[in-house]
There are 2 protein chains.
Amino acid sequence: MEFFFNPQGIAVVGATPNPLKGGNAILKNVLFGYRGQIFPVNPKYTKIEGLTCYPSVSAIPGPVDLAIVFVPAPLVPAAVEDCVGKGVRGVIIESGGFAEAGPEGERLQKTLTDIAARTGIRLWGPNCMGLVDCVHRHIFSFMDPRAQEREEFIPGTVSLVVQSGMLSAIFLIDIMSNATMGVSKVCSVGNKVDINECDILEYFLYDPDTEVIGLYLESFSDGRRFLDLCRRSGKPIVVLKGGRSRAGAEAALSHTASLAGNQRIIAGALAQAGVSEARDFKQMMDLCRSFAVIKPAPGGQSRVAVLTLSGGAGIVATDFMAEHGLTMANLSASTRNTLEKLFPKWMPVTNPVDLWPAMERQIAADVDVYSLSLEALLSDPEVDAVFLHVFISNPRSRLNMSELAARIHAAGKPIIIWIIGRRDDAYAFQKEALAHGIPVFTDISRAAECLAAVLGERYRPAPMIADKKDHRTMPNPLQELLNSASGPLDEHLSKEVLRAGGIPTVQEEIAVDAAHAEAVAAALGYPVVMKGLLPGGIHKTELGLVCMGIHDDWAARVTFASLMGKMEGRGRVLIQKQHPGRVELILGLLRDPQFGPCVMFGLGGVMAELIEDSVFAVAPLTHEEALKLIGRVRSSKVLDGFRGAPPVNREEIVRILIALGEIGLCQPRIREIDINPLIIGEEGAAAVDATIVLG
Amino acid sequence: MEFFFNPQGIAVVGATPNPLKGGNAILKNVLFGYRGQIFPVNPKYTKIEGLTCYPSVSAIPGPVDLAIVFVPAPLVPAAVEDCVGKGVRGVIIESGGFAEAGPEGERLQKTLTDIAARTGIRLWGPNCMGLVDCVHRHIFSFMDPRAQEREEFIPGTVSLVVQSGMLSAIFLIDIMSNATMGVSKVCSVGNKVDINECDILEYFLYDPDTEVIGLYLESFSDGRRFLDLCRRSGKPIVVLKGGRSRAGAEAALSHTASLAGNQRIIAGALAQAGVSEARDFKQMMDLCRSFAVIKPAPGGQSRVAVLTLSGGAGIVATDFMAEHGLTMANLSASTRNTLEKLFPKWMPVTNPVDLWPAMERQIAADVDVYSLSLEALLSDPEVDAVFLHVFISNPRSRLNMSELAARIHAAGKPIIIWIIGRRDDAYAFQKEALAHGIPVFTDISRAAECLAAVLGERYRPAPMIADKKDHRTMPNPLQELLNSASGPLDEHLSKEVLRAGGIPTVQEEIAVDAAHAEAVAAALGYPVVMKGLLPGGIHKTELGLVCMGIHDDWAARVTFASLMGKMEGRGRVLIQKQHPGRVELILGLLRDPQFGPCVMFGLGGVMAELIEDSVFAVAPLTHEEALKLIGRVRSSKVLDGFRGAPPVNREEIVRILIALGEIGLCQPRIREIDINPLIIGEEGAAAVDATIVLG
């Protein structure tokens, strides 16, 4: 990948002297900061922008690592072949008119795929804005060349991948002109014919100029590889996934033929991989820039002190701290002492610390109340982070930024600033703060959210999942069944598979006739449940094929006859012990086209269904991941012995979740597993009803 | 109130020539725009800022409607008495050092309360920033007089009440300098010794310069009056209530000795009164400015078309439309026709409308794709509102603002704009858009939220609640009991009260001995429930005093004996019909110190409790309000016959909710009612267990 970012020699194919055209913009942009050899390529010209222009890439005398191609789509394959001939290693194709542009474009794109596969040349794009490297001032993009004349690049440590060409350019202009954050690289991946977000993410993981990675994606090219890269990352990763809603996903499909995916699976997979999920563009930037400059407190705690000039702002800030699960610090005696000396006598020292009365009191004494208080909070062992409010246009709240920064960096504690006041002053402050690595926000809510994200549990490398291939098989004839059948297996067969995979199920047996039914029921012990199993029929309840609470021999016989009658000789009757349970759970497995087998966990019952309280994780699950998955349902407290009930043994559920994932991994023909319910009773857990669907 | 806003003659008490002091700032500020007579008052000077200075208010020759007082707190009562002597109608006391400043300040504030009560003079403040009227350029505040030199006032229709002095000033500077919105009046109410948020809100309701009202409050001075004002308002009202969280409420208490209140009751009361609740300051401004310029579509529908230059932005916008309950419009055939002509052939016309490919295609033809498309969407009968994206620094997305505004206003459809791009360009666009009444946002999420707020159900005047006093009493001896008892009533008495108030309860009777128990049980019909009622003991279940499923005479006798034994002779035994139910509800009444009797509604069961799915409304409830209250629980679908169960008759619940509120209104000694559960069965609803707490 290095030849894309730091190539030896660049050919600009489609260069032109016409300043209105992209081919000219690219050349100017490359000239702006790239210090290697640059070769315009266009048979129509001999010189462009003072450089010798070549009729083809193969005609270039020097070495060329990278070609940037911006010619009409139908000419692109020939241009790429030309690059292959020259020994070019990577091509960024910025032209549009491929898969996004109907069948003809799709055919052209297929040609590119074939060339890449055949020759090994790496292709980036097409239909993209290329890349910009603000640290090395490499602009390999047709974005407006005036941008870098008018705005400063602010080199930084955040690198971005944006699956939307227009956005990547306008983003950068917005970020630069607002001094939002320092940027390392911005990459637009376009149609991902060869290079995709995983390739770039992987490059970023090892890129010394990148410390935080933000991605706007509409699809995952290789979900499991993407997750593994995230799991391996020591760098914070923020993902904004477009197409969260059904309508949004449909829009995504029509946009770049992306597979938008099941939002709940994606959310689960990202959480599992330690990724922060953003929902809006600005929010993604805010999270990225926070991660870039704030490091969590060493102790891992999150007791926050709020220092404000307005009681009202302090109150609202406190509300948001609570909302994001942060704790308001109990100030130490020493801090309270310091503040008491500054405060008017009548005023108790509390957190949030409202400095205004102290400032009014000390105005004559010329005491720097603001700095003294901040100093006290930063050195307080009970305080892990400080949320500072700056009323920028108030002369009494002036802060010396260098002093402030020195104090903050010496304390080594996270600090965030909320600013309110005159626009120009706020901008000047923001710029200066950015230079000193201090994050500034104009919304209290966003500031709190970002502080919480940084203070929250950070990523620790987790076991890889992509290459996990397990070839354990089931005993025959189950394995044969799994290899050959298709569609839904009936309940009894489904549970046999689960049992073989290590998942406890309810005791049950198929009854062959009425007498056998009576015997089986008696052996299991009353009360029993009897079910009619129709081939392929999974809606037993709706068909009246589930009879609960059968209490005696006579009822068992009668029920057998009745079920057989209802099924008109096509099904069989299953008898199972009626399982007394305290808690009903729903477990499942879904083979996601992007992420592979995913395990689902949720609580049973109407309410849980209504509030959609179920969560997903990608298999295989580690013990810790399974535990976390259980904790992610909103109503997980039910498991802890809510309202005096004995708590549920989570370890048992963990084992079942892990086993479920393993079954999904070992049995690629299983498309779906639904265990509903898994009942947790006195004697442990048991899958009471289940369906496996083969694909 | 008019004399506060448009006084005839103003005395500035505490005026001084020292430009570092507030008394000088106030005088300069009054001079800035007030066109009536201004009288500085200070015995130390004879002339200040070119005006004759008077030793006292009573020494002023001309008429004085309003005095603005800024002298040390201990001198304020005398200054106010001086004003009373002169016949001044209103005094804005901007000095601090009162209730917020310890016992001595509280005593001083009490003196002010007494003067106001005795003399009828109206007092605003103390400890406040006064008021600013941007339309009439009245600045009756000590805010920095340089602010209005450096920033333009942008007169507008949004008026604000801010219970935090510092914030009101800095807010205004922030709003003015960012050209966020046009402002009519900003009022800082301070300690609310006399004038409170209700007085100002009421004034705003009739103020021809005010169309939208925003309030930042930490407490409600008179909750029921406040709600009634909101209910009466034809103007949109946005409230940010500080102290939503427990920690925030504690901070609020320490800030202005405010009663922070129960957040869920407040949220319910505001929703019921048609108020939009904000959570952050910027969000409050964004909602206010949206209400100021966007009017909902006449048809009341909310089908939105998104017009963008980036597929990615379109997708994310679509996600937020879905999140806020807005519908993506199905474009009409005529619109699709228009767009098809602009689009490249391969590109299907969908909503979101991604214009970029059309722009690329039409670039040579010099067709104004942007305007043509917008025109088509605005005139499409299937489109109720347009969400337009502006990539401000892209030369091809330039918009002529006057044309745009003319087009929008002619169409009469709500439009919101999301802007991204170069900071200065965005600011210029924002300023121009503000002048034309078009709302611009820099976050897609916020834009969507504000559009949804405007398109959502708007306020229609509702019946007043404050003066609702009902003197219906219960039949004796129940009324006597309610007048004289205190603490919790036992279950049986509680239900007698409910029954008398029109709430159906389960059939039940007290058993006096074992034989009677048997007879009662048999008469009710088995199975029955038997409960031991201890005086004042409301935790029956925890004490083992509830026995369900009693099936025969023998069990009834045994249980009677067992319950009496457990209660050691101190209680009595209640027998009730076991009520078979489909749905369990929890209803309640809580007498809130700010809002009076409030009705609570929630679903029963562990899950509902865990996710805190219960909602409040202030009594009395109208039929419509009770219906809406039911609809506000997240899991209200359970009532509609979820999973094949027959739907619950909401009308019956409505009647009970209304009755519950009436009981609370008629019986002021009832502090709390808890009906848990109310069971909805085949034969209708019945309160099965209930406790009334007298206060």
Side-chain angles (χ1 to χ4, degrees), chain A residues 101-102 105 163-164 166-167 170 173-174 177-178 216 218 242-245 247-248 251-252 254-256 279-280 282 309-316 318-319 322-323 328 344 346 348 350 352 356 391 393-394 420-423 442-445 605-608 610-611 634-635 637-638 642-643, chain B residues 101-102 105 163-164 166-167 170 173-174 177-178 216 218 242-245 247-248 251-252 254-256 279-280 282 309-316 318-319 322-323 328 344 346 348 350 352 356 391 393-394 420-423 442-445 605-608 610-611 634-635 637-638 642-643:
Chain A
Q163 186 179 346
S164 189
M166 270 303 293
L167 272 178
I170 198 89
I173 292 172
D174 193 296
S177 67
N178 283 292
Y216 168 72
E218 283 152 23
R244 287 180 296 124
S245 63
S254 63
H255 179 220
T256 33
R279 293 151 15 107
D280 202 355
K282 285 274 161 71
L309 294 186
S310 145
I315 291 163
V316 171
T318 303
D319 284 337
E323 187 170 321
M328 292 296 283
W346 53 264
T350 55
W356 190 248
F391 286 46
S393 306
N394 188 302
I420 184 168
R422 186 169 289 115
R423 174 183 146 86
T442 55
D443 277 286
I444 291 180
S445 50
V606 171
M607 278 292 280
L610 265 178
I611 61 169
R634 275 177 284 169
S635 39
K637 269 190 215 152
V638 164
F642 191 66
R643 276 204 196 156
Chain B
Q163 186 178 348
S164 189
M166 269 305 292
L167 273 178
I170 198 89
I173 292 172
D174 193 295
S177 67
N178 283 291
Y216 168 71
E218 283 152 23
R244 288 180 294 124
S245 63
S254 64
H255 179 222
T256 36
R279 295 153 11 107
D280 202 355
K282 284 274 160 72
L309 295 186
S310 145
I315 292 163
V316 170
T318 304
D319 284 337
E323 186 170 321
M328 292 297 281
W346 54 264
T350 55
W356 191 247
F391 286 47
S393 307
N394 188 302
I420 184 168
R422 185 169 292 114
R423 172 183 148 85
T442 55
D443 277 287
I444 292 181
S445 51
V606 172
M607 279 291 281
L610 265 178
I611 62 168
R634 275 176 284 169
S635 39
K637 269 191 214 151
V638 164
F642 191 67
R643 275 203 195 156

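Both backbone and side-chain heavy atoms feed into the values below; hydrogens, waters and symmetry mates do not. Every chain is numbered from 1 and lettered A, B, ... according to where its sequence line falls, protein lines coming before strand lines.
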- Is A/E218 reaching over with its side chain to a backbone N or O of A/G242, donor-acceptor style, under 3.5 angstrom?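 No, because the side chain of A/E218 does not come within donor-acceptor range (under 3.5 Å) of the backbone of A/G242.
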- Task: Would you mind telling me which of B/G102, B/G314, B/A247, B/G421 has the largest number of heavy-atom pairs within less than 4.5 Å of chain A?
- Result: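 Of the options given, most contacts go to B/G421.
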As an exercise: rank [options] by heavy-atom pairs under 4.5 Å with chain B and give me the winner.
{"options": "A/I420, A/T442, A/T318", "answer": "A/I420"}
{"options": "A/P344, A/A313, A/G105, A/A322", "answer": "A/A313"}
{"options": "A/D319, A/D174, A/I170", "answer": "A/D319"}

**Message:** Is any side-chain heavy atom of A/M328 closer than 4.5 Å to one of A/P352?
**Reply:**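 Yes; the side chains approach each other to less than 4.5 Å.
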With heavy-atom distances below 4.5 Å as the criterion, would you say the side chains of A/I173 and B/F391 are in contact?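 Of all side-chain heavy-atom pairs linking B/F391 with A/I173, none is under 4.5 Å.
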Nearest heavy atoms of A/I315 and B/Y216, plus distance in Å: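 That closest heavy-atom pairing would be CB-OH, 4.0 Å.
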